[in-house]
Amino acid sequence: MKKFVKWCVELFAWNLYHSRKQAFFAVIVILSTIATVLLSFPIAAQNLPTRSELRGVWLTNIDSEVLFERNRLKNALQRLDELNFNTVYPAVWNWGYTLYPSKVAAKVIGRSLDPTPGLQGRDMLKEIVDEGHKQGLTVIPWFEFGFMAPADSLLAKNRPQWLTSRSNGTKIVKEGIHDRVWLNPFHPDVQKFIQDLIVEIVRNYDIDGIQFDDHFGLPSELGYDAYTVALYKKEHRGKAPSKNPEDPEWVRWRANKITDFMKRVFTAIKTTKKNCLVSVAPNPQRFSYEYFLADWQKWERLGLVEELVLQIYRDDLNVFIKELEYPEVKTARGHIPVSIGIITGLKNKSIPFAQIQNQVQKVRDRNFAGVSFFFYESLWNLSQESASVRQASLQKMFPTPANYPNLLAGWKP
């Protein structure tokens, strides 16, 4: 191109020397030729802006092997890029362990890394950051378990004073077939541990953001441990909390305490790395607040959320559409990128791609910031449809690249 332009300039100079009329004709010819050449270049080569749309997927170690082998992970990231995805949310805190080598976890839990064989001798998160960025993917680690832990985990066994309970003293919360316990989000030692893990990730990895969901709250039936009851009494002139876990004042007090902690976490993240996005991927507000005390609507109003990916895992299209149109969702869309989490299947539940396509279209019809799929393994592996058919369908859904809608890089509603 440089040689071509140089030739054009020399030709123009020669014509100008010989004749003004010839020079004028030369200018017309040269401009026409330049336009023809430029238009013949591929669109990508012209650096034309692409549309902004979140195209994300969650990577987890539950019912999935993608994180447990270096080449498998590398190939997955390359394939996602080829299919014009632009964002990955890899789990980094699950089953009571970190999925990356952690000095904080080593000190508190007694293990620096999840013991799964496929993670040993590796730094899975660094691999995702390095290869993901090489492929142009935005990498936002997902703090999946939040305050939750397996009942038989080292963390639960070694720190029983950190666990919270129901009013009858029981601690186990069933999640499917699994027994879970919950760390007390009001206890200062628990808060320090969780915040230290988050800051460790933000400080040590070149991540683009970090994501929480409503596990960064607490099942509303819990919160009756001795520490929390004493704290409530201290702030209520000796009055004990309601025995009814759904009591509005008791729900509000606990939710506000979690919001206060979210403020401190947000500040700690921004102090460590100001351009690290804070992303939240909760259930719809009513469920998130009433069942998990995670008041993301308030977090968003306070400026603590810079990306919202709302989990709307519904088979009924009418229910799906209804939840897209709640007032708090519309309000948030005026401030930050709001995208929709869509389920693509589970281990024992195949979702037909037609359903996925319909839901993506309803999201696009309403000009949301984009979509993220739960989860990688069910994009094309855990499905009754063939992998080739699913991948071809994704290629049609995302035929060209799109920019990640980054609030910190000039995104506007």
Taking ring pair (Phe, Tyr, Trp, His ring centres under 6.0 Å) as the test, write out the residues that go with [X], two or more places apart.
{"X": "W380", "result": "Y376"}
{"X": "H133", "result": "none"}
{"X": "F193", "result": "W93, W162"}

D114 backbone acceptor or donor facing Q120 side chain under 3.5 Å: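 Pair found, side chain donor or acceptor close to backbone of D114.
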
List the atom pairs, with distances to 0.1 Å, where a side-chain N or O of residues 335-345 and a protein N or O form a donor-acceptor pair under 3.5 Å, not counting sequence neighbours.
| from | atom 1 | to | atom 2 | distance (Å) |
| --- | --- | --- | --- | --- |
| H335 | ND1 | E300 | OE2 | 2.7 |
| S339 | OG | G370 | N | 3.3 |
| T344 | OG1 | F374 | O | 3.1 |
| T344 | OG1 | F375 | N | 3.3 |
| T344 | OG1 | S378 | OG | 2.7 |

Counting only heavy atoms not in [X] (residues, nucleotides, ligands), do more than 12 fall under 6.0 Å from its [atom1]?
{"X": "E325", "atom1": "CD", "value": "yes"}
{"X": "R72", "atom1": "CZ", "value": "yes"}
{"X": "K273", "atom1": "NZ", "value": "yes"}

SB check E306 K270 (cutoff 4.0 Å): yes

If you look only at distance, which donor and acceptor atoms sit under 3.5 Å apart when one is on a side chain in residues 212-220 and the other is two or more places apart or in another chain?
| from | atom 1 | to | atom 2 | distance (Å) |
| --- | --- | --- | --- | --- |
| D213 | OD1 | H215 | N | 2.8 |
| D213 | OD2 | W142 | NE1 | 3.1 |
| D214 | OD2 | N283 | N | 2.9 |
| D214 | OD2 | N283 | ND2 | 2.9 |
| H215 | ND1 | E144 | O | 3.0 |
| S220 | OG | E290 | O | 3.0 |

Qualifying residues under side-chain hydrogen bond (donor to acceptor under 3.5 Å, both in side chains), relative to K362, sequence neighbours excluded: none

Pi-cation contact, W296 with R286 (under 6.0 Å, within 45°):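 Judged by the rule (NZ or CZ under 6.0 Å from the ring centre, within 45° of its axis), R286 is not positioned above W296.
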
Trace of the ring pair (Phe, Tyr, Trp, His ring centres under 6.0 Å) decision for W253 with W250: CA-CA 5 Å; W253 182 84; W250 175 224; 5.7 Å; yes

